[in-house]
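Inspection log for the structure reproduced underneath, given as structure tokens.
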Amino acid sequence: MQRPLSTLPLSSAVKAKLVTAGFHFISDLMNLKAPQLSREAGVSQQEAMAVLAELEQGVPPPSMSALQLLQKEAELQSIITFCSSLDGALGGGVPLGKTTEIYGVPGIGKTQLCLQLAVDVQVPQCFGGVGGEVIFMDTEGTFVLQRFAELAAAAVTHCSLLAEDEEQRVAMETFTVDTILSNTYVVRCHDYVELLAELRLLPSILAARPKVRLLVMDGMAAPFRPLLDDLSARTRHLGGVALQLAAVATGHDVAVVVTNQMTTRLLGGGRSRLVPALGELWGHALNIRLHLHWEGSQRLATIAKSPAHANVTVQYQISSDGFRDVDQSHAAGAK
Ligand SMILES: Nc1ncnc2c1ncn2[C@@H]1O[C@H](COP(=O)(O)OP(=O)(O)OP(=O)(O)O)[C@@H](O)[C@H]1O
């Protein structure tokens with residue numbers, strides 16, 4: 001596990017300069033001398049020497065007992081996907097407090113699932129939801145308002161049909177398309193600089209909006225494409241992003257969901273295969289990876305990585321109402 005620079009007792013101005021220059025972990029600084037650090041991070045020689053002196057001192061990492069971790073895990077809820085077979089495979093849905101990546105080929109339904117989750121996170125608690133709000137970071141203009149409103153309307157209709165007691169009928173008064181739209185905060189990021197800046201603001205945004213339970217980052221690879229010629233900077237930035245997302249997930253009990261595209265990896269001998277973009281290190285940094293793919297004309301979701309669940313594959317479809325089970329005789333999710 002890499003130690004973040006934020007654990008060092010440095011001034012926030014120096015930390016900000018280091019992060020802007022792409023230094024996020026103690027290991028990023030390990031083999032640097034003060035003049036190089038000063039040059040690369042835009043800090044004074046004195047500040048660079050102070051940073052390196054702190055590294056030598058070492059700081060004990062924060063810790064939590066296994067029992068505390070177990071209690072925290074037990075309290076964490078999940079966001080239902082409205083596809084009961086996927087919820088079952090994930091142990092109840094997309095978990096709060098964890099980072100989840102959805103990857104797959106274009107058109108397979110990554111954005112549709114993100115939009116669906118952005119609606120579902122707002123399902124009232126008395127229907128089995130978490131009654132939260134959502135921040136949707138959109139890097140490629142994929143947040144299509146009309147489609148989102150369509151999914152919201154379908155979810156509202158679904159829940160209103162299920163409402164059977166007074167508590168649920170009262171909850172429906174504030175679970176409307178309008179409230180879903182007004183509890184969805186859309187942030188458009190055009191490049192990695194904007195994205196990194198937004199991420200740095202996230203802790204204060206989340207402090208101001210304590211009901212946010214889902215952070216979606218749709219299109220993780222796109223902003224970093226310009227850095228393909230500078231792989232070490234890209235790796236450093238991605239490492240920092242993964243760390244910030246993990247901190248948001250655990251520190252604010254938020255489900256962090258990112259989407260990733262596929263890229264071609266050459267295997268030699270003229271052979272190639274499709275793999276998730278952004279590399280192995282990125283993949284290791286996330287808690288759960290969900291692979292959406294085709295089998296003939298059938299859409300499948302496979303849990304490619306999870307610390308707690310088997311690598312199960314389930315079928316799903318995208319209907320006009322949204323992300324759903326193939327067998328509609330299954331419950332659609334909310335209870
Ligand atoms: N109203 C709808 N009714 C049924 N299916 C729809 C509807 N809207 C979108 N879809 C399906 O969703 C697909 C698009 O999915 P989505 O945009 O989530 O793909 P993606 O995996 O995010 O792709 P990319 O990597 O290109 O962004 C469409 O090709 C279509 O099959």
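We use all heavy atoms of the structure for the numbers below, so side chains are in, but hydrogens, waters and symmetry mates are not. Atoms within each ligand, like the ligands themselves, are counted from 1 in listed order. Note that this is a predicted model, so its numbers are computed, not measured.
Atoms of ligand 1 lying under 4.0 Å from any heavy atom of V105, numbered from 1 in the order shown and given with element: 21 (O). Within ligand 1, counting atoms from 1 as listed, the ones closer than 4.0 Å to a heavy atom of G109 are 15 (O), 16 (P), 18 (O), 19 (O), 20 (P), 21 (O). Under a 4.0 Å criterion applied to the non-hydrogen atoms of P106, ligand 1 contributes the atoms 23 (O), 24 (P), 25 (O), 26 (O). Residue-ligand proximity, S319 to ligand 1, at heavy-atom distances under 4.0 Å covers atoms 3 (N), 4 (C). Those atoms of ligand 1 that come under 4.0 Å of a heavy atom in E150, given as number and element, are 1 (N).
The side chain of R299, and not its backbone, has at least one atom closer than 4.0 Å to an atom of ligand 1 (non-hydrogen atoms only; side chain from C-beta on).
Protein heavy atom closest to atom 17 (O) of ligand 1, with residue, atom name and distance, is T111 CB, 3.8 Å. Among protein heavy atoms, the minimum distance from atom 8 (N) of ligand 1 is reached at R147 NE, 3.4 Å. With respect to atom 12 (O) of ligand 1, the closest heavy atom belonging to the protein is Q112 CG, 3.6 Å. Of the protein's non-hydrogen atoms, K110 NZ, 2.8 Å is the one closest to atom 21 (O) of ligand 1. Looking at atom 14 (C) of ligand 1, its nearest protein heavy atom turns out to be G107 O, 3.9 Å. Considering only non-hydrogen protein atoms, atom 4 (C) of ligand 1 sits nearest to I318 O, 3.6 Å.
A cation-pi arrangement is present between R236 and F23, with the terminal nitrogen or guanidinium carbon under 6.0 Å from the aromatic centre and inside a 45° cone about the axis. A cation-pi arrangement, defined by a distance under 6.0 Å to the six-membered ring centre and an angle within 45 degrees of its axis, is absent between R188 and F143.
Note on L290: it clusters hydrophobically with L115, by side-chain heavy-atom contacts below 4.5 Å among ILVMFWY residues.
Residues C83 and Y316 share a closest heavy-atom pair of SG-CB, 4.0 Å. For S38 against V43, the heavy-atom pair with the smallest separation is OG-O, 2.8 Å. Contact detail for V258 and L245: the closest heavy-atom pair is CG1-CD1, 3.8 Å. Residues Q261 and A221 approach most closely at OE1-CB, 4.0 Å, considering heavy atoms. In plain terms, the two heavy atoms of G107 and W294 that are nearest each other are O-CZ2, 4.2 Å.
Results of the side-chain contact (heavy atoms from CB on, under 4.5 Å) test with V248 over I205, L243, V256 single out V256 as the only residue that passes.
The residue among A222, G322, S320 with a heavy atom at the shortest distance from atom 3 (N) of ligand 1 is S320.
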